[in-house]
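None of the values given here were measured: they were computed from a predicted structure.
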Amino acid sequence: MPDDTSDQQNIRHAVRLNPILVPKASDVLAEELRERILHGEFPEGTALPPERDLVTQTRMSRTTVREALRILEVQGLVTIRAGRTGGAFVQRPGGESVADSVALVIRGQQIRMAALMETREAIEPNCAELAARYRSEEDLTRIDAANEALAAEEDSLAEFLQANIDWHIAVATATHNELLSGFMLAISRAIYAATDNQSFVDAEVRRTTVLAHKSITKAIRDRDPVAAARRMKRHVL
């Protein structure tokens with residue numbers, strides 16, 4: 001009688017495997033260093049281990065280590081300085097990092113102008129309200145400087161528009177909320193770049209803008225969040 005035991009043992013079942021994604025070594029190292037930075041193991045301003053030490057400790061190539069440091073630099077977590085006293089120094093991402101990320105989404109997704117304006121209308125009254133609550137004297141100095149530049153009648157259109165952006169950013173900065181200031185920086189730049197300001201901004205628009213800004217600034221100076229929000233809402237709608 002035939003022995004079927006060995007035949008059954010030799011039967012092979014078809015197995016389907018999904019593709020396995022193996023991360024790049026530089027991504028793994030960047031993630032490890034990023035987590036240590038965010039958990040405070042490397043305080044802001046301190047230097048990461050020298051490149052040669054990272055190569056020795058991780059047993060990765062110099063090219064991999066450099067790529068990982070470049071990833072952290074792009075993410076705003078380190079600044080790389082050249083020279084004998086150089087290296088990768090830890091920094092905390094701020095409003096500019098938020099702005100860069102938001103700007104990338106705006107351009108990459110080709111966000112509509114209507115959506116940008118809706119976002120601005122939703123955010124700016126709250127920025128004015130928070131600025132009235134938390135502003136410092138230094139914040140007021142920045143806001144006043146932008147107002148003065150805005151009111152200079154001899155300035156070119158480009159100078160007027162830059163002063164306008166500076167004022168809105170100064171108000172957002174006065175909230176002391178880096179997410180809000182980062183969003184406003186990115187949105188303001190995108191709106192400015194996409195608007196035909198030459199045909200839109202005339203002497204009357206300038207005069208109205210200056211008056212609105214002065215009114216909102218007064219509410220912020222007086223620490224009147226309700227008035228600041230109301231006036232800003234009227235200004236941006």
Ion pair check, Arg207 and Glu204, cut-off under 4.0 Å: yes
Sequence neighbours excluded - salt bridge (charged side-chain N to carboxylate O under 4.0 Å, His left out) pairs with any residue from residues 169-184: none
Could you list the donor-acceptor pairs under 3.5 angstrom formed by side chains in residues 222-237, with sequence neighbours left out?
unit_1 : atom_1 : unit_2 : atom_2 : d
Asp222 : OD2    : Lys218 : NZ     : 2.7
Arg223 : NH1    : Arg133 : O      : 3.4
Arg223 : NH2    : Arg135 : O      : 3.4
Asp224 : OD1    : Val226 : N      : 3.4
Asp224 : OD1    : Ala227 : N      : 3.2
Arg231 : NH1    : Ser215 : O      : 2.8
His235 : NE2    : His213 : NE2    : 3.2

Greater than 12 external heavy atoms within 6.0 Å of Phe42's CZ: yes
Tyr134 atom OH, over 12 foreign heavy atoms within 6.0 Å: no
Any side-chain heavy-atom pair of Leu150 and Thr209 under 4.5 Å: yes
N/O donor-acceptor pair under 3.5 Å between Gln91 side chain and Glu44 backbone: no
same_hphob_cluster(Leu72, Val28) at 4.5 Å side-chain heavy-atom cutoff: no
Pairs flagged by salt bridge (charged side-chain N to carboxylate O under 4.0 Å, His left out) wherever residues 49-62 is involved - sequence neighbours left out: Glu51-Arg62, Glu51-Arg66
All pairs passing salt bridge (charged side-chain N to carboxylate O under 4.0 Å, His left out) where residues 179-194 contributes a residue, at least two apart: Glu96-Arg189
Let me have the donor-acceptor pairs involving side chains of residues 103-114, under 3.5 Å, with sequence neighbours excluded, atom names and distances please.
none

Contact summary for Ala131 and Thr175, nearest pair of heavy atoms: N-CG2, 4.0 Å
No-hydrogen, no-angle side-chain donor-acceptor test under 3.5 Å, Thr217 and Asn147: yes
I'd like a table of donor-acceptor pairs (distance under 3.5 Å, sequence neighbours excluded) in which one partner is a side-chain atom from residues 138-145, with atom names and distances.
unit_1 : atom_1 : unit_2 : atom_2 : d
Glu138 : OE2    : Arg142 : NH1    : 3.3
Asp139 : OD1    : Arg142 : NH2    : 2.5
Asp139 : OD2    : Ser136 : N      : 2.8
Asp139 : OD2    : Ser136 : OG     : 3.0
Asp139 : OD2    : His176 : NE2    : 2.7
Thr141 : OG1    : Glu137 : O      : 3.0
Asp144 : OD1    : Arg221 : NH2    : 2.6
Asp144 : OD2    : Arg221 : NH2    : 2.9

